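Computed from heavy atoms alone, side chains included, the values below leave out hydrogens, waters and symmetry copies. In the text below, chain A, chain B and the rest are named by the order of the sequence lines, each starting its count at 1. Here the structure is a predicted model, which is why all the values come from computation and not from measurement.
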Amino acid sequence: MKITQEEVRHVAHLARLEFPEDQIGKFTIQLNDILMYMEMLNALDTKGVEPMTHATVLYNAFRDDEVKPSLGEGESLANAPDPRGQFFRVPRVIE
Amino acid sequence: MEYEPVIGLEVHAQLLTSSKIFCACSTAFGAPPNTNTCPVCLGMPGVLPVLNRKVVEFAVKMALATNCRINTYNRFARKNYFYPDLPKGYQISQYALPLAEDGHLIVETAAGKKRIGITRIHMEEDAGKLIHDEHNPYSYVDLNRTGVPLIEIVSEPDIHSAEEAAAYLRALHEILVYLGICDGNMEEGSFRCDANVSLRPKGQEAFGTRTELKNMNSFRNVQRALEYEIKRQEYILEGGGEIVQETRLWDDSQGVTNPMRGKEEAHDYRYFPDPDLVTVHIDETWIEEIRKTLPELPMARRERLQKEYGLPAYDAGVLTSSRALADYYEEAARLCGAPKIAANWVMGDLLKLLNEEGKTFDACPVGAASLARMIRLIEDGTISGKIAKELLQEMYAAGKEPEEIIAERGLVQITDEGALKAVIEEILAANPAQVAQYRAGKEKVFGFFVGQAMKATGGKANPRLLNDLLKRMLAP
Ligand SMILES: [Zn+2]
């Protein structure tokens, strides 16, 4: 086994996802299959091959340091589920 | 048992760009909440970050100034965690392949010079600001700061005392401000510091369990917090206890560190390369271009001022405490040709005048060239040093040139021997008792005659000539 049920629960928690217990078992098997498949790729000799992090070979895409108008008041909060005044309001994060 | 503290520091410095690191929103401090935001820094779906070139240039400047090796290829990574000040659910930072690595800084401590290693410098975006409701279970989020460019500078665990930590921080701060890439304002959070502290028995190689200190917003607080934390850990270890690995917050009013509450499980950030940002490629040509723009750094400048102008270490320290001050001084010294005298005027009268108004040398109403001319006028005997003090005040207040004020107020020094002789003759005639005392060997009375002569001439007597004449005329 490449991954345990405990690890699946941990990853789910980090992503703030909740599942019924029977699904945890199912996901563990499925994730395990995917990781086993990766093993096939690991068998390839990649010595001297730079890891690829992007599908493009482009580099240094920059912008100049220029300020452009922001959304501004109102619009920035338009999607907020619970705005208060000029702020987003959220459940308090510290005791 | 004797313990040795091991301290590593993480500094976050806000870079002085006009726009944010990945979008064109303003970085200005103090705008109404959430007004400096756009879809990119609000973390809306489907947007793409684009890197601000100036952020790379500024970060490279700091890397060069701290003797780092710059990674030709470096890239951004996502640091994943949930917190309301982070709208995307991840912070764009650098992890594997940061901008620069393996640097060092030489700092001056009471015990002499010390080399402190710098592990890495990387670029990242700042998070937003949370305001917690004291009475209700809510926090309020302001995302203006989200996406403001930062560099994080991580030191090696080479620091072994609170004073060393403070010296290192001051040196970093000084360089950042000298380079003009950070305003250094600790109160507004432009320069922030976290510390890792552990103790180990003296002579032991392995590190002890460490705590992480946060919430120290001044050099003094960093030093106090570290001193407290070292004592706290020492006390626990002496009593046979164990240090708990945790984050602790400095409480300035109580002068203690407390464990941070409501902290979630051990960090598991699942860094991975950010697919939205392409690799940054910094070649030698670019590095050399940036290197050319580096100013002389504070420590090198201090040493040069001592050597070139024969100044004491203390004076060189004061004169290089800001780039504007050092530039001002050097211009004045060069123009008047009397570097030591220029140092005295700049550090003394002029700095005092500026301090009284809370001004800095950028905004000095007396230009370096005017000060230099005033010094020349003292040197060539046109005015006395005493008059010059008043003159400088007037130059400062009225923004006038020295010659202008001298002409207006008739401040030219009396260097005419005949005129001064006449004044002295009158004084001697009016004070026969003191003359007799002096001639009987009471040399202290000499000062009395100098004072009288200065008073009679309104401070305009040339001091050297006055001394010579007095000595001659008082001789029995
Ligand atoms: Zn923005």
Side-chain angles (χ1 to χ4, degrees), chain A residues 2-4 6-18 31 34-35 38 41 46 48-95, chain B residues 17-20 22-28 31-39 41-42 44 50-56 73 75 80-85 87 89 128 130-133 136-144 260-262 265 268 270 272-275 277-282:
Chain A
K2 302 293 293 178
I3 190 167
T4 63
E6 210 31 63
E7 282 170 307
V8 172
R9 269 191 211 99
H10 176 63
V11 172
H13 171 69
L14 288 174
R16 301 294 186 271
L17 295 172
E18 272 179 309
L31 285 168
I34 295 167
L35 292 168
M38 294 293 166
L41 295 175
T46 55
V49 180
E50 281 289 309
M52 191 181 93
T53 53
H54 290 89
T56 164
V57 290
L58 190 78
Y59 56 80
N60 286 0
F62 294 130
R63 35 172 284 274
D64 291 330
D65 183 30
E66 279 165 19
V67 176
K68 290 187 182 148
S70 295
L71 282 181
E73 217 173 316
E75 219 181 340
S76 59
L77 292 166
N79 288 335
D82 187 19
R84 277 295 181 284
Q86 291 175 294
F87 291 95
F88 297 90
R89 191 171 76 162
V90 297
R92 191 162 63 196
V93 285
I94 58 162
E95 286 158 45
Chain B
T17 57
S18 314
S19 66
K20 292 185 179 181
F22 299 122
C23 65
C25 290
S26 166
T27 55
N34 294 303
T35 51
N36 289 345
T37 57
C38 73
C41 54
L42 287 171
M44 298 287 180
V50 185
L51 180 58
N52 183 339
R53 183 187 284 105
K54 206 169 203 174
V55 171
V56 183
Y73 290 95
R75 65 175 181 233
N80 299 281
Y81 65 95
F82 288 112
Y83 211 66
D85 63 5
L130 291 174
I131 298 158
H132 304 296
D133 194 316
N136 302 295
Y138 296 111
S139 296
Y140 298 89
V141 190
D142 175 7
L143 297 178
N144 280 346
M260 196 166 140
R261 288 180 301 168
E265 65 203 88
D268 188 349
R270 294 147 295 141
F272 63 87
D274 191 320
L277 286 153
V278 297
T279 304
V280 181
H281 180 202
I282 306 170

Checklist outcome for this item: dist E66(A):CD -> S19(B):OG (nearest 0.5 Å) comes out at 8.0 Å
Checklist entry - Is it the case that more than 12 heavy atoms not belonging to Y59(A) sit under 6.0 Å from its OH atom? => result no
Checklist entry - With a 4.5 angstrom heavy-atom cut-off, which part of F22(B) approaches chain A: side chain, backbone, both or neither? => result backbone
Checklist entry - Where is the tightest heavy-atom contact between N60(A) and H281(B), given as atom of each residue plus distance? => result OD1-N, 2.6 Å
Checklist entry - Does R92(A) reach the main-chain N or O of H132(B) with its side chain, forming a donor-acceptor pair under 3.5 Å? => result no
Next on the checklist: Which residue is it: L130(B), L143(B), I131(B)? I am looking for the one with a side-chain contact (heavy atoms from CB on, under 4.5 Å) to F87(A).
Outcome noted: I131(B)
Checklist outcome for this item: Heaviest contributor of heavy-atom pairs below 4.5 Å to chain A, chosen from Y73(B), Y138(B), Y140(B), is Y138(B)
Checklist entry - What option among S26(B), A28(B), P33(B), G89(B) has the most heavy-atom pairs under 4.5 Å with chain A? => result P33(B)
Checklist entry - For the residue pair H54(A) and T279(B), what are the closest heavy atoms and their distance? => result ND1-OG1, 4.0 Å
Item to check | Pick from T27(B), V280(B), V55(B), T17(B) with the largest number of heavy-atom pairs that fall under 4.5 Å of chain A | outcome: T17(B)
Checklist entry - Atom CD in Q86(A), atom OG1 in T35(B): separation rounded to 0.5 Å? => result 7.0 Å
Item to check | Check: L71(A) and L42(B) side chains under 4.5 Å, non-hydrogen atoms | outcome: yes
Next on the checklist: Shorter than 4.5 Å, heavy atoms on both sides: which option in P32(B), C38(B), P84(B) has the most such pairs with chain A?
Outcome noted: P84(B)
Checklist entry - Is a side-chain N or O of S76(A) found less than 3.5 angstrom from the main chain of N34(B), in a donor-acceptor match? => result yes
Checklist outcome for this item: The reported gap from OH in Y81(B) to CG in L14(A) (rounded to nearest 0.5 angstrom) is 14.0 Å
Checklist entry - Side chain, backbone, both or neither: which part of A15(A) has a non-hydrogen atom closer than 4.5 Å to chain B? => result backbone
Next on the checklist: The test is salt bridge (charged side-chain N to carboxylate O under 4.0 Å, His left out); show your working for R53(B) and D64(A) and say whether it passes.
Outcome noted: CA-CA 6 Å; R53(B) 183 187 284 105; D64(A) 291 330; 2.6 Å; yes
Item to check | Rounded distance (nearest 0.5 Å) linking atom NZ of K68(A) with atom SG of C23(B) | outcome: 11.0 Å
Checklist outcome for this item: Heaviest contributor of heavy-atom pairs below 4.5 Å to chain A, chosen from L277(B), N80(B), V56(B), is L277(B)
Next on the checklist: Given heavy-atom pairs under 4.5 angstrom as the criterion, report whether the side chain, backbone, both or neither of L51(B) touches chain A.
Outcome noted: both
Next on the checklist: Which atoms of C41(B) are under 4.5 Å from chain A, going by heavy atoms: the side chain, the backbone, both sets, or neither?
Outcome noted: neither
Item to check | Within 6.0 angstrom of N136(B) CG, more than 12 heavy atoms from elsewhere | outcome: yes
